[in-house]
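Below: the structure, in structure tokens.
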Amino acid sequence: MMYTSVIFAMIFVFFLSAVGTLALNFIFKFFGKHGYLGNLYPNVRGGIPRGIGLVPFVILSFYLLPKFNNLVLIIGIFAFIDDVLGRKKCVPLGIEWGQLSRGIGILLIMIVGIMEGLGVSAILIALLVQPLNISDMQPGSTCIVTVIMSILTIIIMVLVNSPPTSELLAIYTPLLILIVCLGYCPLDFSGKIMLGEVGNHTFGVALGIAFYLVGGFWWLLLLSIITTTLIAFVRRNTLKVFFRQRLGLINPTFGDYFMDVLTGGGLGDLARKYILKDKQYSVTNPLLISLGFRRLLYNPHARSSAYHRPNDVKPRIRLGR
């Protein structure tokens with residue numbers, strides 16, 4: 001009886017995700033073309049709705065297991081604020097409003113997760129927002145990662161016989177994430193919609209919860225590392241261009257890609273601003289280079305770069321940064 005209920009629930013969830021995505025895409029396009037959506041309808045390829053990840057966010061907020069859905073609810077709300085405000089500066093703090101909103105959401109997940117009994121795992125779950133945010137820089141990349149990691153998590157749960165939660169099979173959570181993503185992803189793969197921060201942050205936290213349910217902290221840590229590695233692999237070609245045109249790294253290693261996914265983006269660069277100040281450290285040790293320390297220590301706020309920027313490179317192309 002339980003299996004039948006889960007199957008029907010997943011069919012219903014897929015329908016909600018697919019139809020909800022189509023409907024929200026239509027609504028956002030209509031209002032976006034009339035100039036009412038601002039940052040939610042950026043001028044990319046003639047105009048693409050951003051923030052359609054609201055659909056996965058709402059579904060996962062309702063259907064995830066009790067107490068875990070609170071974590072998705074928190075990050076989704078603050079991520080959507082990030083989407084709406086975009087890159088507007090918060091003058092008193094010297095950072096972007098979107099960065100501030102995202103940072104508050106991450107901190108709240110850590111606090112609430114610890115209060116719910118997740119311990120240190122709550123910190124790791126919150127930090128998965130970073131790599132999934134970086135993954136969402138090209139059509140379909142976040143969906144590819146979410147689908148692969150959901151399937152891998154289901155397989156591992158079956159092999160290690162993960163314990164049920166709230167009288168539901170352990171695989172309920174990664175299966176739910178997989179079905180929601182499959183319903184959403186067709187338009188994303190075709191480049192017609194964007195998840196936005198609300199979408200990639202939601203999938204990041206949801207995957208973190210699924211990893212934790214495999215068997216606790218160590219499984220969460222292992223699967224988080226695999227996720228980051230997978231994102232670096234999926235984005236390796238665009239990251240190579242980004243490194244060449246924006247950072248002056250003409251011979252990046254896979255370690256640089258991994259470190260960019262792990263520590264890149266607005267929040268990572270903000271941390272470098274306060275930690276490294278205006279200094280730029282040169283990395284010459286072959287081992288550290290292979291591990292990605294050039295990217296880790298690259299400081300966009302430094303007075304001068306320690307790396308060579310080729311003369312034929314014109315750093316004008318912005319790759320979603």
Side-chain angles (χ1 to χ4, degrees), residues 82 87 89-90 93-96 98-100 102-103 106-107 110 120 123-138 141 145 197 200-201 204 208 221-222 224-321:
D82 187 350
R87 311 200 69 167
K89 288 287 185 181
C90 176
L93 298 178
I95 61 176
E96 297 170 3
Q99 292 175 337
L100 177 62
R102 185 190 315 166
I106 291 173
L107 287 175
M110 294 178 183
V120 180
I123 298 175
L124 267 183
I125 291 172
L127 292 179
L128 264 173
V129 164
Q130 163 66 19
L132 267 293
N133 181 46
I134 296 297
S135 76
D136 192 27
M137 299 290 183
Q138 61 193 59
S141 56
V145 172
E197 312 293 13
N200 61 60
H201 288 23
L221 178 61
L222 175 61
S224 296
I225 294 172
I226 293 173
T227 301
T228 304
T229 304
L230 177 61
I231 293 171
F233 178 79
V234 170
R235 292 214 57 227
R236 65 194 184 283
N237 292 328
T238 52
L239 284 175
K240 185 175 182 179
V241 175
F242 170 73
F243 286 161
R244 178 177 172 82
Q245 295 186 337
R246 298 293 302 280
L247 308 188
L249 287 175
I250 58 176
N251 57 341
T253 65
F254 189 80
D256 291 317
Y257 302 150
F258 180 90
M259 202 61 71
D260 184 83
V261 173
L262 191 65
T263 69
L267 286 179
D269 287 341
L270 184 63
R272 290 179 179 89
K273 177 180 179 180
Y274 290 106
I275 296 172
L276 301 178
K277 301 186 183 301
D278 64 349
K279 297 179 180 178
Q280 176 65 74
Y281 296 96
S282 178
V283 179
T284 57
N285 182 280
L287 177 60
L288 295 181
I289 289 176
S290 66
L291 293 176
F293 273 70
R294 289 183 303 176
R295 177 62 185 107
L296 177 64
L297 297 178
Y298 178 83
N299 183 11
H301 304 284
R303 292 178 180 176
S304 62
S305 172
Y307 304 121
H308 170 65
R309 186 182 300 279
N311 294 327
D312 63 328
V313 172
K314 298 179 180 179
R316 296 177 298 176
I317 299 176
R318 301 183 65 85
L319 298 177
R321 296 287 179 152

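- How far CD of Gln280 is from CZ of Arg272: 9.5 Å, rounded to the nearest 0.5 Å.
- Closest heavy-atom contact between Pro252 and Lys240: CG-CG, 4.2 Å.
- The side chain to side chain donor-acceptor pair (under 3.5 Å) search around Thr228 returns none, not counting sequence neighbours.
- Identified under the salt bridge (charged side-chain N to carboxylate O under 4.0 Å, His left out) test for residues 125-137, with sequence neighbours left out: none.
- In this structure Thr253 satisfies the side chain to side chain donor-acceptor pair (under 3.5 Å) test together with Asp256, sequence neighbours excluded.
- Between atom CG of residue Asn133 and atom CG of residue Asp82 there is a gap of 7.5 Å, rounded to the nearest 0.5 Å.
- Figure legend: Arg295 and Tyr298 shown without cation-pi pairing, the cationic atom not lying both under 6.0 angstrom from the six-membered ring centre and within 45 degrees of its axis.
- Annotation: side-chain contact (heavy atoms from CB on, under 4.5 Å) contacts of Leu222 (sequence neighbours excluded): Trp219, Ile226.
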Begin with the C-alpha distance, continue with both residues' side-chain angles, and end with the deciding distance and a verdict on side-chain contact (heavy atoms from CB on, under 4.5 Å) for Thr238 and Met137.
CA-CA 9 Å; Thr238 52; Met137 299 290 183; 5.9 Å; no
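- Of the inter-residue distances, the one linking Thr263 atom OG1 with Gln130 atom CD reads 7.0 Å to the nearest 0.5 angstrom.
- For the pair Ser141 (side chain) and Ser135 (backbone), a donor-acceptor distance under 3.5 Å is present.
- For Thr227, the side-chain contact (heavy atoms from CB on, under 4.5 Å) partners at least two apart in sequence or on another chain are Leu132, Val145, Met149, Phe211, Ile231.
- Tyr257 meets the ring-ring contact (aromatic ring centres under 6.0 Å, His included) test with Phe243; sequence neighbours excluded.
- In plain terms, the two heavy atoms of Ser224 and Leu128 that are nearest each other are OG-CD1, 3.7 Å.
- Annotation: side-chain contact (heavy atoms from CB on, under 4.5 Å) contacts of Thr229 (sequence neighbours excluded): Ile225, Phe254, Phe258.
- Using a 4.5 Å heavy-atom threshold, the side chains of Met110 and Leu127 count as touching.
- Taking CZ from Arg244 and CG from Leu239, the interatomic distance works out to 15.5 Å, rounded to the nearest 0.5 Å.
- With contacts defined as side-chain heavy-atom distances shorter than 4.5 Å, the pair Arg235/Ile134 qualifies.
- Judged as a side chain to side chain donor-acceptor pair (under 3.5 Å), and not counting sequence neighbours, Asn285 has no contacts.
- One finds the CD atom of Glu197 at 4.5 Å from the CZ atom of Arg102 (value rounded to the nearest 0.5 Å).
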